[in-house]
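Below is one structure; the comments refer to it alone.
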Protein chains: 2
Amino acid sequence: MSVLEIARAVRAPRTAATAAGEVVLPLDTILQRDCIGAMRELPAASIDMIFADPPYNLQLGGDLNRPDGSHVDAVTDAWDKFDSLDAYDRFTRAWLAEAKRILKPNGTIWVIGSYHNIFKVGAAIQDLGYWILNDIIWRKANPMPNFKGTRFTNAHETLIWASMGEKARYTFNYRSMKTLNDELQMRSDWEFPICGGAERLKKDGHKVHPTQKPEALLYRILLACTKPGDVVLDPFFGTGTTGAVARRLGRRWIGIERESPYVAAAKERIAAALPLDESALTTMQSPKAAPRVAFGTIVETGMLVPGAVLMDAKRKYRVTVRADGSLLSDCGQVGSIHKLGASLQNAPACNGWTFWHYEAEGALKPIDALRQTYLLATQP
Amino acid sequence: MSVLEIARAVRAPRTAATAAGEVVLPLDTILQRDCIGAMRELPAASIDMIFADPPYNLQLGGDLNRPDGSHVDAVTDAWDKFDSLDAYDRFTRAWLAEAKRILKPNGTIWVIGSYHNIFKVGAAIQDLGYWILNDIIWRKANPMPNFKGTRFTNAHETLIWASMGEKARYTFNYRSMKTLNDELQMRSDWEFPICGGAERLKKDGHKVHPTQKPEALLYRILLACTKPGDVVLDPFFGTGTTGAVARRLGRRWIGIERESPYVAAAKERIAAALPLDESALTTMQSPKAAPRVAFGTIVETGMLVPGAVLMDAKRKYRVTVRADGSLLSDCGQVGSIHKLGASLQNAPACNGWTFWHYEAEGALKPIDALRQTYLLATQP
DNA sequence: CTGCGCACTGAATCAACAA
DNA sequence: TTTGTTGATTCAGTGCGCA
């Protein structure tokens, strides 16, 4: 039985359409298969984002005990065992290559790892022609101490964010991130507690998955780098953190996971995750998203009259508005609001909307205020 | 002429001796050669630690301007240019292999990089049989912003610390690190400001080297992973941060650097670096304020110099400050400001910040005044 | 002498679109 | 594919000049 047959068939959103017509993707579904095999049956160029939390290939020695004698419950599962560093390398390159095939040209991939595997992963990402956009540090607020006092406390994990190539476009909701970070640019180091408390899935008092990731981490990633309705694939789904957050944020998701106990836990968990309503999902938009307004339109509609005088905030430069929306300076120079602003300042570029001001009731206001007024009056 | 001939020949300390007898190393010297060639002429198994800050292979596009129109002075030097990712890979593996040959069996290597190169470096380190002990994040207190709003602010760099193999022993001064961090284990994420102000080397108003590293970073590394008298090699010496800090901390150093202007600046700088002298006070930067200030930070920033004498308000007890922020009493007891204060008084606990005083202009002031000064200087 | 404002700077893979 | 136009975009810190 193929992936597409066992999947709950859902018509893909328009963004998943290809030249061949509409594509059917197993949306909001867990494919209980091995990761590479399942990806192979997904159509090419159909996924907006991949978030991957692959096996870390931890090479742990014997048991580890805390100073008080208690036993540390380490990651000893079979899925984290590889015969050699070379075997891990081959596995990594195989799934990353498959991921590249199914990502859309403007898609991106996120991979999380620790020093045990992240360098192999990053090198493979570069060799496969992905283009790294950032590496992100998850600084753990409450990491496990180094009980033996032999090294620095391993207090972070590393994520790599990459696009499909050097020239590829990608989604980055800059304004959302800046807003989320109290009006400062979001940096490459993020602090979150490790996953615990009520969020940590448990069964019979034991954690269901040894490396469950905090939802806050996925929340930030999906908010930053996807749009509502985008399709997010997690090829190492585990207990479904990606699916739960995707559902909450109004994104579509596909999970791949081989182990039945994880699949069962993920299904139950995602069903309980309530989607945020649309108003809560609305995020700060970049001005880029607003339709373009030509300065000439402001003149045409009479918001500024030909002959009106504009000046910069310090009243250093004065120019006159002409009927076609061009500006004329005292010294006879002519140009668009941007070009003339740049030329007068001898700068490489200039945003005329914020540089030029008009006088209203004795005060100077940027002409961008007129553009905002125009947009408010004309937008639905 | 061989490296050993042109080098100032110095009898190596006992720690540099091998089974073949005493080895002659060009200690406390800069070898003006290409990195791999110079390493080739150094004897095998002779170096205690290598700190390497190799070219990052940045692949920058055109010019970049700030929002105010000013130009960003990027790293465009020839030494950072490689023909391809593959050429960079070969270069990396070549110098890392040579490094492994000259390191002692119990030696370690530190390499710093960014996402442009660190994954290639880390993968090569693993392939060459080194054993990664930690990856360390240098969280920059004041990184350059992302001016175009296209990605997350690139606010950190990554360091890899590796031993000679899985079973190899290595030096890690656990107590020093814990003391430096105010009795908490030192974590894998470190915060320092970028190198600027008085510490930044300048000539004719321009920075001498585009990527000078802060001394605080090297201070922590050398304090953590070497012993006094150990030999530290820096194959990408630049303007000699490693040499200056090594001299200050009583470690021997060897630098390899091809570019004459860097060599000249490094020589001058290291000559001016006085071993454990208060010269650190003016050259080192204050880390960003944290709610809690570690006493080690006061030492790291040079507000108190190793060797300084502290005493209680009644001058009953006298102790000496050590490089890692621990205190040494007359009777040989050692401990943190809190622990030693308690122990000397035979008390269950002691607030070291208010108990210990330093002498300034004939008067005694509590070291808490230094903490307050530090906080005032760093709090917004 | 202090405080304020302005200019300058740091390892950066830094735009999107239409003609 | 290339070229030109529009127009979006910055944080922490140092240092200097001036009131």
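Owing to the predicted nature of the structure, the values given are computational and were not obtained by experimental measurement. To find a chain, count down the sequence lines: A is the first, B the second, and so on, and within it residues start at 1.
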Check: Which sits closer to the 5' end of DNA chain C, B:Gly61 or A:Lys314, going by the nucleotide each is nearest to?
Finding: A:Lys314

Notebook entry, point to check: Toward the 5' end of DNA chain C, which comes first, A:Leu133 or A:Arg292, by nearest nucleotide?
Noted result: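 On the 5' side of the pair lies A:Leu133.
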
Once you round it to whole Å, what is the distance between [atom2] of [N] and [atom1] of [X]?
| X | N | atom1 | atom2 | value |
| --- | --- | --- | --- | --- |
| B:Asn57 | C:dA11 | CG | P | 17 Å |
| B:Ile112 | C:dA11 | CD1 | P | 10 Å |
| A:Ile367 | D:dA8 | CD1 | P | 11 Å |
| A:Lys167 | D:dT2 | NZ | P | 10 Å |

Check: Where each residue is assigned the nucleotide of DNA chain D containing its nearest heavy atom, which of A:Ala349 and B:Met144 is assigned the position nearer the 5′ end?
Finding: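 Result: A:Ala349.
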
Notebook entry, point to check: Taking for each residue the nucleotide of DNA chain D with the nearest heavy atom, is it A:Phe295 or B:Pro145 whose nucleotide lies nearer the 5' end?
Noted result: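 Looking at the nearest nucleotide for each, A:Phe295 comes out on the 5' side.
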
Taking only the side-chain nitrogens and oxygens of [X], find out if one of them lies under 4.0 Å from OP1 or OP2 of [N].
| X | N | answer |
| --- | --- | --- |
| A:Asn351 | D:dA8 | yes |
| B:Lys207 | C:dT9 | no |
| B:Ser70 | C:dT9 | no |
| A:Lys178 | D:dT10 | yes |
| A:Tyr174 | D:dT10 | yes |
| A:Arg187 | D:dC11 | no |
| A:Arg371 | D:dA8 | yes |

Margin query: Quick check on ring pair (Phe, Tyr, Trp, His ring centres under 6.0 Å): which of A:Trp190, A:Trp110, A:Trp131, A:Tyr130 does A:Trp161 satisfy it with?
Written below: A:Trp110

Check: Going by modelled atom types, is there a donor-acceptor pair between the base of D:dG13 and the side chain of B:Arg200 at under 3.5 Å?
Finding: no

Item checked: Base C:dA11 to side chain B:Lys140, donor-acceptor N/O within 3.5 Å cut-off -> no

Identify whether the distance between the nearest side-chain nitrogen and carboxylate oxygen of [X] and [Y] falls below 4.0 Å.
| X | Y | value |
| --- | --- | --- |
| B:Glu215 | B:Arg220 | no |
| A:Asp189 | A:Arg187 | yes |
| A:Arg139 | B:Glu191 | no |

Can you tell me how far [atom1] in [N] sits from the matching atom in [M], rounded to whole Å?
| N | M | atom1 | result |
| --- | --- | --- | --- |
| D:dT5 | C:dA12 | C1' | 25 Å |
| C:dT9 | D:dT10 | C1' | 12 Å |
| C:dC14 | C:dG10 | C1' | 15 Å |
| C:dA11 | D:dG15 | C1' | 23 Å |
| C:dC8 | D:dT9 | P | 24 Å |

Checklist line | salt bridge (charged side-chain N to carboxylate O under 4.0 Å, His left out) between A:Lys227 and A:Asp230, intermediate numbers included | finding: CA-CA 6 Å; A:Lys227 302 187 188 81; A:Asp230 275 3; 5.2 Å; no

Margin query: Does B:Glu268, at its CD atom, have more than 12 non-hydrogen atoms belonging to other residues, nucleotides or ligands within less than 6.0 Å?
Written below: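 Not more than 12 within 6.0 Å, no.
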
Notebook entry, point to check: Counting only heavy atoms not in B:His206, do more than 12 fall under 6.0 Å of its NE2?
Noted result: no

Check: Which nucleotide sits closest to the side chain of A:His338: D:dA12, C:dC14, D:dT6?
Finding: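 The answer is D:dT6.
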
Notebook entry, point to check: Taking the side chain of B:Asn142 as heavy atoms from C-beta outward, which of C:dA12, C:dC14, D:dG13 is closest to it?
Noted result: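 The listed nucleotide nearest to B:Asn142's side chain is D:dG13.
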
Checklist line | Any residue of residues 74-87 of chain B with a heavy atom less than 4.0 Å from an atom of DNA chain D | finding: none

Next item on the list: Return the set of residues passing salt bridge (charged side-chain N to carboxylate O under 4.0 Å, His left out) with A:Asp312 (not counting sequence neighbours), or none when no residue passes.
Entry: none

Margin query: Need the pair for D:dT9. Rule: Watson-Crick or G-U wobble, both distances under 3.5 Å, any strand; none if unpaired.
Written below: none

Notebook entry, point to check: With a non-hydrogen cut-off below 4.0 angstrom, is A:Gly341 in contact with a base, only sugar-phosphate, or nothing?
Noted result: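 No contact at all - A:Gly341 keeps every heavy atom at 4.0 Å or more from the nucleic acid.
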
